[in-house]
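First comes the structure, then the notes that go with it.
Indexing begins at 1, ligand by ligand and atom by atom, following the structure's order. Bear in mind that the values here come from a model prediction, so they are computed numbers and not experimental data.
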Amino acid sequence: MRILSIETSCDETAIALVEAKDGINRPRFKILKNLVASQIKIHRPFGGVVPNLAKREHLKNLPILIGKILKISNFQFPISKQILNSKSEILNTIDLIAVTVGPGLEPALWTGINFAKEVYKKFKIGNRKLKIIGVSHLDGHLYSSFLNPKSSILYPIINLIISGGHTILLLTKNPTHYKKLGETRDDAAGECFDKVARLLNLPYPGGPEIEKLAKLGNPSAIKFPRPMINQKNYDFSFSGLKTSVLYYLRDNTNLTRKIRMPRIRINSHHSHKFADSYYIPDIAASFQAAAFDVLIDKALKAAKEFRARSIIISGGVAANKTLQSKFKSEIRNRKLKINFLAPLKSFCTDNGAMIAAAGYINYLRGKKHTLKAQGNFSL
Ligand code: KG4
Ligand code: ZN
């Protein structure tokens, strides 16, 4: 089955063309195209995503990306007669259009949904087998590791979705049956990285910046709290951790003054090798270690309780290599027989291919969502 997928829930316009086969139990995917038009530079001056700017950019990028995928030059939206008549051979091979309906920013979601509906309506005439399905963005993250070539999945799985908008721990007994074990009670893990990065004057999105800086720092330098780590549930809380970083900076004003210009200091040739160029990495490393300790500890406790054979992490924060290796070493330290899996980097952060994967599985199991933006859609 060939799937064209469209994702516009946040600040990435993403379209993919994916070949899916072998059914729900052993799905296999061949990524033919996976295009992402990132809006990071546009939102960066605002320190976060501005919904109306996101919408404007999606409207601009969607026709460009689909034109590239279908090999139709000057693709326009609404679709003109000229485009309809263009003989795109690729178009006729598509069986299913999968589009994200939520959760996410509603104005942004609507651009993708309206675009997908228009493509479906207009091209259905020439391609009668074409179908359309609404997909949850969270299902996309959940199934994103299935996109790795050669990933063999052993059930039951403990899934940890860690993105800019969500932190959810799930028990997946089989491909179509999952149960939420816990989630964040306030900020999402990625959101916390972004907020702490702002405190440290690092650009948006903060996760990759903190990961880079943390590599230069000492993760044991500052004892930040591990919120809820000893509570007997699978919920998380990250806003207190962010506040601890804020208080640390407030109480060490000699540092905060210097932190204002980390890059200049670090790169400066005529600096006297200020100690502060090491403090910022120490804060980044210590914060990151605190956040990861909680995520790993809760995921491993759940894996033990439910006798999971795999732990799969997904979402933007899962791209963090330090987190991945910490997970692996902690599984070894605790002598657990668990398969650990993380999607390839390009499938961790928002992308179209994961929506195709979720579209395939949900189509086969008959789980369809209405083609309406649902900003607060949950699992
Ligand atoms: O999954 P995603 O692309 O979008 C949402 O669905 O939210 O996740 C984006 C989040 C951002 O908060 C970003 O800072 C974080 O993922 N992120 C990272 C890394 N790369 C992206 N966090 C930690 N380490 C990273 N390497
Ligand atoms: Zn996402």
Side-chain angles (χ1 to χ4, degrees), residues 5-14 16 34 36-40 43-44 47-49 51 54 100-105 108-109 112 135-145 147 159-168 183-184 187-200 202-215 217 219 238-239 241-242 284-285 287-296 312-327 342-355 357-358 375-379:
S5 53
I6 299 171
E7 153 64 41
T8 61
S9 69
C10 194
D11 59 344
E12 316 279 21
T13 317
N34 189 29
V36 180
S38 172
Q39 302 177 9
I40 283 177
H43 299 286
R44 191 164 264 178
V49 181
T100 306
V101 294
L105 305 167
L109 287 163
V135 171
S136 154
H137 182 83
L138 293 172
D139 278 350
H141 280 306
L142 194 61
Y143 296 121
S144 58
S145 58
L147 295 164
N159 279 101
L160 179 64
I161 302 178
I162 29 180
S163 68
H166 297 86
T167 302
I168 307 175
E183 64 190 321
T184 183
D187 290 354
E191 185 182 0
C192 185
F193 269 78
D194 294 339
K195 287 178 174 170
V196 168
R198 266 179 98 160
L199 295 176
L200 298 177
L202 299 168
Y204 171 85
E209 301 290 328
I210 290 193
E211 177 177 18
K212 248 187 278 165
L213 266 188
K215 287 204 176 100
F238 288 104
S239 82
L241 175 56
K242 167 204 67 197
F287 154 72
Q288 184 176 265
F292 289 171
D293 275 355
V294 186
L295 291 170
I296 293 170
I312 301 183
I313 62 172
S314 58
V317 183
N320 190 300
K321 293 279 175 223
T322 311
L323 174 65
Q324 295 183 11
S325 53
K326 247 182 128 168
F327 247 115
L344 299 175
K345 194 174 174 200
S346 54
F347 303 143
C348 285
T349 46
D350 289 348
N351 64 89
M354 71 181 197
I355 301 305
N376 294 320
F377 202 68
S378 74
L379 272 169

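Counting the atoms of ligand 1 from 1 in the order shown, those under 4.0 Å from a heavy atom of G165 are 7 (O). For ligand 1, the atoms sitting less than 4.0 Å from at least one non-hydrogen atom of E211 are 25 (C), 26 (N), numbered in the order shown with element in parentheses. Here is the list of ligand 1 atoms found below 4.0 Å of a heavy atom in P205: 14 (O). Atoms of ligand 1 found under 4.0 Å from any heavy atom of G190 (numbered from 1 in listed order, with element): 12 (O). Listed by number with element, the atoms of ligand 1 under 4.0 angstrom from any heavy atom of H137 are 6 (O).
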Would Y204 and D11 count as a side-chain contact (heavy atoms from CB on, under 4.5 Å) if you check the C-alpha gap in whole Å, the side-chain angles of each, and the deciding distance to 0.1 Å? CA-CA 12 Å; Y204 171 85; D11 59 344; 3.3 Å; yes

Apply side-chain contact (heavy atoms from CB on, under 4.5 Å) to residues L379 and D139 and explain how you reach the verdict. CA-CA 8 Å; L379 272 169; D139 278 350; 3.5 Å; yes

Mind running side-chain contact (heavy atoms from CB on, under 4.5 Å) on L147 and N34 for me, showing each step along the way? CA-CA 12 Å; L147 295 164; N34 189 29; over 6 Å; no

Apply side-chain contact (heavy atoms from CB on, under 4.5 Å) to residues E7 and N351 and explain how you reach the verdict. CA-CA 7 Å; E7 153 64 41; N351 64 89; over 6 Å; no

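Nearest to atom 9 (C) of ligand 1 among the protein's heavy atoms is G164 N, 3.7 Å. With hydrogens left out, the protein atom closest to atom 13 (C) of ligand 1 is D194 OD1, 3.8 Å, a heavy atom. Considering only non-hydrogen protein atoms, atom 2 (P) of ligand 1 sits nearest to D350 OD1, 3.4 Å. Looking only at protein heavy atoms, the nearest one to atom 19 (C) of ligand 1 is G316 O, 3.5 Å. Annotation: atom 24 (N) of ligand 1 to nearest protein heavy atom, N320 ND2, 3.0 Å.
In this structure, P208 counts as a contact residue of ligand 1, since one of its heavy atoms falls inside 4.0 Å of the ligand. Contact annotation: H141 has at least one heavy atom less than 4.0 Å from an atom of ligand 1. Contact analysis leaves E12 out of contact with ligand 1, as no non-hydrogen atom separation drops below 4.0 angstrom.
The NE2 atom of H166 sits 4.5 Å away from the CG atom of L138 when rounded to the nearest 0.5 Å. With values rounded to the nearest 0.5 angstrom, I355 atom CD1 is found 7.5 Å from S136 atom OG. For the atom pair CG (N320) and NZ (K326), the distance works out to 10.0 Å, reported to the nearest 0.5 Å. Between the NZ atom in K215 and the OG1 atom in T322 there is a gap of 5.0 Å [rounded to 0.5 Å].
Contacts between T349 and ligand 1 below 4.0 angstrom, taking non-hydrogen atoms only, involve backbone and side chain alike. When heavy-atom distances to ligand 1 are checked against a 4.0 Å cut-off, C348 comes that close only through its backbone atoms N, CA, C and O. At a heavy-atom cutoff of 4.0 Å, ligand 1 is contacted by no atom of H166, backbone or side chain.
For the side-chain contact (heavy atoms from CB on, under 4.5 Å) criterion with E183, the lone passing option out of I161, T167, I168 is I168. Each of T349, D350, N159 was scored for a side-chain hydrogen bond (donor to acceptor under 3.5 Å, both in side chains) with H141, with one residue passing: D350.
The shortest N or O to N or O distance between F193 and ligand 1 is not below 3.5 Å. Checking only distances, G207 does come within under 3.5 Å of ligand 1, N or O to N or O. In terms of N/O distances under 3.5 Å, ligand 1 is not approached by A319.
Between F327 and F292, the distance separating the two ring centers is not shorter than 6.0 angstrom.
Other residues, nucleotides and ligands contribute at most 12 non-hydrogen atoms within 6.0 Å of the NZ atom of K345.
For residue H141, an N/O/S atom approaches the Zn ion (ligand 2) to within less than 2.8 Å. Put simply, H137 gets within reach of the Zn ion (ligand 2), with an N, O or S atom under 2.8 Å from it.
Between C10 and A54, the shortest heavy-atom contact is O-CB, 3.8 Å.
Of all N, O or S atoms in D350, the one lying closest to the Zn ion (ligand 2) is OD1.
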